[in-house]
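Written out below as structure tokens is the structure these notes cover.
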Amino acid sequence: MPEGHLIHRYAREQHEALAGRVVTVTSPQGRFDARPYDGRVVEGVEALGKHLLYRLEDAPPIHVHLGMQGLFLRYDDPAAPPRKGVRLRLATGETAFDLIAPARCEAMDEPALAALRTATGPDPLRGDGDKGEAVRRLLATRVPVGAAVLDQAVWSGIGNAWRAELLFLTGLDPAARDIGAEAAGRLWDTAVRYLALGRDAGQVVSDPDAPDERWVYKRERCRRCGAAVRTWTLASRTAYACPAEQRPQAP
DNA sequence: GCAATATGACAAT
DNA sequence: TTGTCCTATTGCA
């Protein structure tokens with residue numbers, strides 16, 4: 001379920017295991033040219049929204065996007081044979097990370113990387129994610145808030161599950177427009193807090209007392225009040241909302 | 001065993 | 001708005 005919290009979790013885990021080390025880089029599947037990277041030192045692994053960026057010494061950055069189905073497997077025995085379809089393996093003497101089914105795995109030059117950073121909105125899980133800028137960008141859109149938060153140029157890292165749960169937690173209807181700076185700020189603060197919980201837990205957490213439960217996402221009834229959850233398509237994804245507790249904000 | 005489904009983002013129409 | 005990509009997982013027969 002690769003939304004931003006898992007991307008950051010992967011980045012943290014892989015940075016700890018790989019940074020400063022020489023890595024063996026291969027593409028068992030053969031669809032990535034690993035030669036420029038094999039045997040080099042990893043300088044760092046970074047998350048930017050739903051993107052992962054790998055910096056290796058004297059080589060262009062590697063850009064990975066997991067898309068809908070991508071995932072990593074970790075082996076504590078780097079001699080473990082990769083399963084079929086592994087696009088990229090990064091291995092030290094102690095650990096191997098296998099990338100499976102990514103939407104993107106490619107070398108990226110600096111201009112493209114700069115363009116990616118420009119096109120990516122504030123990330124609630126990055127220290128450089130600025131609240132004022134986040135509020136400004138959200139208010140600058142004229143689309144419903146449930147569409148704005150999925151737009152990675154507005155805020156980055158939010159996916160469909162987080163959209164449903166964060167808007168519930170903030171009491172905002174996904175269809176609401178012009179929610180105002182106060183509500184936008186509360187939504188950002190909620191994202192910062194809960195995505196960090198999700199990153200540390202490895203899953204979407206919208207109730208710290210019940211980390212496996214959701215309030216409205218993929219539920220028939222609101223977990224708080226029991227009302228039938230309303231579903232419709234918003235920004236090409238299924239939106240979920242409690243009709244009793246999430247209302248358009250008063251002007 | 002097989003079909004349906006998925007937390008995403010594109011390009012093409 | 002629809003189609004395409006990528007693969008694992010889930011649920012049903």
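Values below: every heavy atom of this structure, side chains too, minus hydrogens, waters and symmetry copies. The model shown is predicted, which means the values in this text are computed figures rather than measured ones.
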message = Can you confirm whether A:Leu166 sits close enough to A:Val149 that some side-chain heavy atom of one is under 4.5 Å from a side-chain heavy atom of the other?
response = no
message = For residues A:Leu116 and A:Ile158: do they belong to one hydrophobic cluster (side chain heavy atoms under 4.5 Å, members Ile, Leu, Val, Met, Phe, Trp, Tyr)?
response = no
request  = Please identify each residue that fulfils salt bridge (charged side-chain N to carboxylate O under 4.0 Å, His left out) with A:Asp200, with sequence neighbours left out.
outcome  = A:Arg12
query = When you check the phosphate oxygens OP1 and OP2 of B:dG8, does a side-chain N or O of A:His65 lie under 4.0 Å from one of them?
reply = no
query = For A:Ile7 and B:dG8, what is the distance between atoms CD1 and C1' respectively, to the nearest whole Å?
reply = 10 Å
ask   = If you look only at pairs with a residue in residues 142-156 of chain A, which of them pass as a salt bridge (Lys or Arg N to Asp or Glu O under 4.0 Å), with sequence neighbours excluded?
value = none
message = Could you list the cluster mates of A:Val22? Members are the ILVMFWY residues connected by side-chain heavy atoms closer than 4.5 Å, either directly or through other members.
response = A:Val41
inquiry  = Going by side chain to side chain donor-acceptor pair (under 3.5 Å), name the residues that satisfy it together with A:Arg223, two or more places apart in sequence or in a different chain.
reply    = A:Asp207
Partners passing salt bridge (charged side-chain N to carboxylate O under 4.0 Å, His left out) against A:Asp38 (at least two apart in sequence or in another chain) = none
Pairwise N/O distances under 3.5 Å, protein to nucleotides 5-8 of chain C:
unit_1	atom_1	unit_2	atom_2	d
C:dC6	OP1	A:Arg31	NH1	3.1
C:dC6	OP1	A:Arg31	NH2	2.9
C:dC6	O2	A:Gln69	OE1	2.2
C:dC6	N3	A:Gln69	OE1	3.1
C:dC6	N3	A:Gln69	NE2	3.2
C:dT7	OP1	A:Gln29	NE2	2.9

task = Calculate the interatomic distance between A:Trp162 atom CH2 and B:dG8 atom C1'; express it in whole Å.
result = 17 Å
A:Leu73 CG to C:dT9 P, straight-line distance once rounded to whole Å = 8 Å
key: Pairs involving residues 112-121 of chain A, ordered by first then second residue, that meet side-chain hydrogen bond (donor to acceptor under 3.5 Å, both in side chains) (sequence neighbours left out)   = A:Glu46-A:Arg117
message = According to side-chain hydrogen bond (donor to acceptor under 3.5 Å, both in side chains), does anything in residues 68-79 of chain A pair up with another residue at least two apart or in another chain? List the pairs.
response = A:Glu13-A:Arg74, A:Arg74-A:Asp76
inquiry  = Rounding to an integer number of Å, can you tell me how far A:Ile158 CD1 sits from B:dA9 C1'?
reply    = 16 Å
query = Which pairs, with at least one residue in residues 109-129 of chain A and sequence neighbours excluded, count as a ring pair (Phe, Tyr, Trp, His ring centres under 6.0 Å)?
reply = none
ask   = Heavy-atom contacts under 4.0 Å between residues 211-221 of chain A and DNA chain B, which residues?
value = A:Tyr217, A:Lys218
ask   = Looking only at atom P, what distance separates B:dC10 and C:dA8, rounded to whole Å?
value = 23 Å
query = Using a cut-off of less than 4.0 Å, is there contact between a side-chain N or O of A:Arg237 and OP1 or OP2 of B:dG8?
reply = yes
ask   = Separation of A:Leu52 atom CG from B:dA9 atom P, in whole Å?
value = 13 Å
Partners passing salt bridge (charged side-chain N to carboxylate O under 4.0 Å, His left out) against A:Glu110 (at least two apart in sequence or in another chain) = A:Arg55
ask   = Between A:Gln203 (CD) and B:dA6 (P), how many Å, whole number?
value = 19 Å
query = Name the stems with DNA chain B in them: runs of three or more consecutive Watson-Crick or G-U pairs, distances under 3.5 Å?
reply = B:1-6 with C:7-12, B:8-12 with C:1-5
